[in-house]
Amino acid sequence: QVQLVESGGGSVEAGGSLRLSCASSGVIYSRDCMGWFRQAPGKERERVATIGLLGSTTYADSVKGRFTISLDNAKNTLYLQMNSLKPEDTATYYCAAKRVPGYCSGGYHYGPYNYWGQGTQVTVSS
């Protein structure tokens, strides 16, 4: 059974940085897709970044060049380094995973994920 627990959220001023962590169990790294999603009040949940086979990654256009997703297999932990934060990055951030046929690559990064953490709040003030 896959379990995901996020940490590292908080409040920061615009231009600051935060690093989110997701402790995981039951995940087959590089085979399963893992990612970060976020949901702001009154908005739909959106994909932020995903990681899969051989470290292949995807990023939402709004975070490219500012956020970096990474995976430490030895620590069973997924990270999201967030730099140059903006007020519009304010949201609840969720760690997610899914198992796909074969390995996580290409189009498998997209579409629904079926394992979710409880979320961690990120607030960026102007």
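Quick note: numbers below take in every heavy atom, side chains included, and nothing from hydrogens, waters or symmetry partners. FYI, the numbering just counts along the sequence from 1.
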As a quick check of understanding, evaluate side chain to side chain contact (heavy atoms under 4.5 Å, CB included) for I69 and L78, giving each step before the final call.
CA-CA 7 Å; I69 189 171; L78 179 73; 3.9 Å; yes
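- Using a 4.5 Å heavy-atom cutoff, the side chains of V5 and Q3 are not in contact.
- Between T92 and Q121, the side chains place a donor N or O and an acceptor N or O closer than 3.5 Å (distance only, hydrogens not considered).
- Expressed to the nearest 0.5 Å, how far OH of Y108 lies from CG of D32 amounts to 12.5 Å.
- Linking ILVMFWY residues whenever their side-chain heavy atoms come closer than 4.5 Å, directly or via other members, leaves I51 and Y103 in distinct clusters.
- A salt bridge links D61 and K64; the closest N-O separation between the charged side-chain nitrogens and carboxylate oxygens is under 4.0 Å.
- Side chain of E6 to backbone of Q118: a donor-acceptor contact under 3.5 angstrom is found.
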Report the C-alpha distance between L80 and R19 in whole Å, list the side-chain angles of each, state the deciding distance to 0.1 Å, and finish with yes or no for side chain to side chain contact (heavy atoms under 4.5 Å, CB included).
CA-CA 6 Å; L80 184 68; R19 187 176 78 159; over 6 Å; no
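- Distance alone, capped at 3.5 Å, is enough to place a donor-acceptor pair between the S24 side chain and the N76 backbone.
- Within a 6.0 Å radius of CD in E13, no more than 12 heavy atoms belonging to other residues, nucleotides or ligands are found.
- For the residue pair R38 and Y93, a side-chain donor N or O sits within less than 3.5 Å of a side-chain acceptor on the partner.
- Using a 3.5 Å distance cut-off with no hydrogens or angles, the side chains of T58 and T50 do pair a donor with an acceptor.
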Evaluate the criterion side chain to side chain contact (heavy atoms under 4.5 Å, CB included) for residue pair V27 and M34; output intermediate values, then yes/no.
CA-CA 9 Å; V27 176; M34 296 192 73; 3.8 Å; yes
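- Pairing each heavy atom of P87 with each of A14, the nearest pair is CD-CB, 4.1 Å.
- For the atom pair CD1 (I28) and CG (N73), the distance works out to 12.0 Å, reported to the nearest 0.5 Å.
- Remark: Y59 OH is packed, more than 12 non-hydrogen atoms of other residues, nucleotides or ligands lying under 6.0 Å away.
- Distance alone, capped at 3.5 Å, places no donor-acceptor pair between the K86 side chain and the V124 backbone.
- In the model, D72 has no side-chain atom that pairs as donor or acceptor with a side-chain atom of T77 under 3.5 Å.
- A cation-pi contact, defined as under 6.0 Å to the ring centre and within 45° of the axis, is absent between R47 and W36.
- Both V63 and V12 belong to a common hydrophobic cluster when Ile, Leu, Val, Met, Phe, Trp and Tyr are linked at side-chain heavy-atom distances under 4.5 angstrom.
- A donor-acceptor contact shorter than 3.5 Å is absent between the side chain of D89 and the backbone of L85.
- Heavy-atom minimum distance, H109 versus S56: NE2-OG, 3.0 Å.
- S84 and S17 make their closest contact through N-OG, 4.3 Å (heavy atoms, listed as atom of the first residue, atom of the second, distance).
- Following chains of ILVMFWY side-chain contacts shorter than 4.5 Å, one cannot reach Y79 starting from V48, and the two form parts of different hydrophobic clusters.
- The ring pair (Phe, Tyr, Trp, His ring centres under 6.0 Å) test with F37 is passed by exactly one of Y94, Y115, Y113: Y113.
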Walk me through it: do R31 and L53 pass the test side chain to side chain contact (heavy atoms under 4.5 Å, CB included)?
CA-CA 6 Å; R31 178 171 181 173; L53 178 65; over 6 Å; no
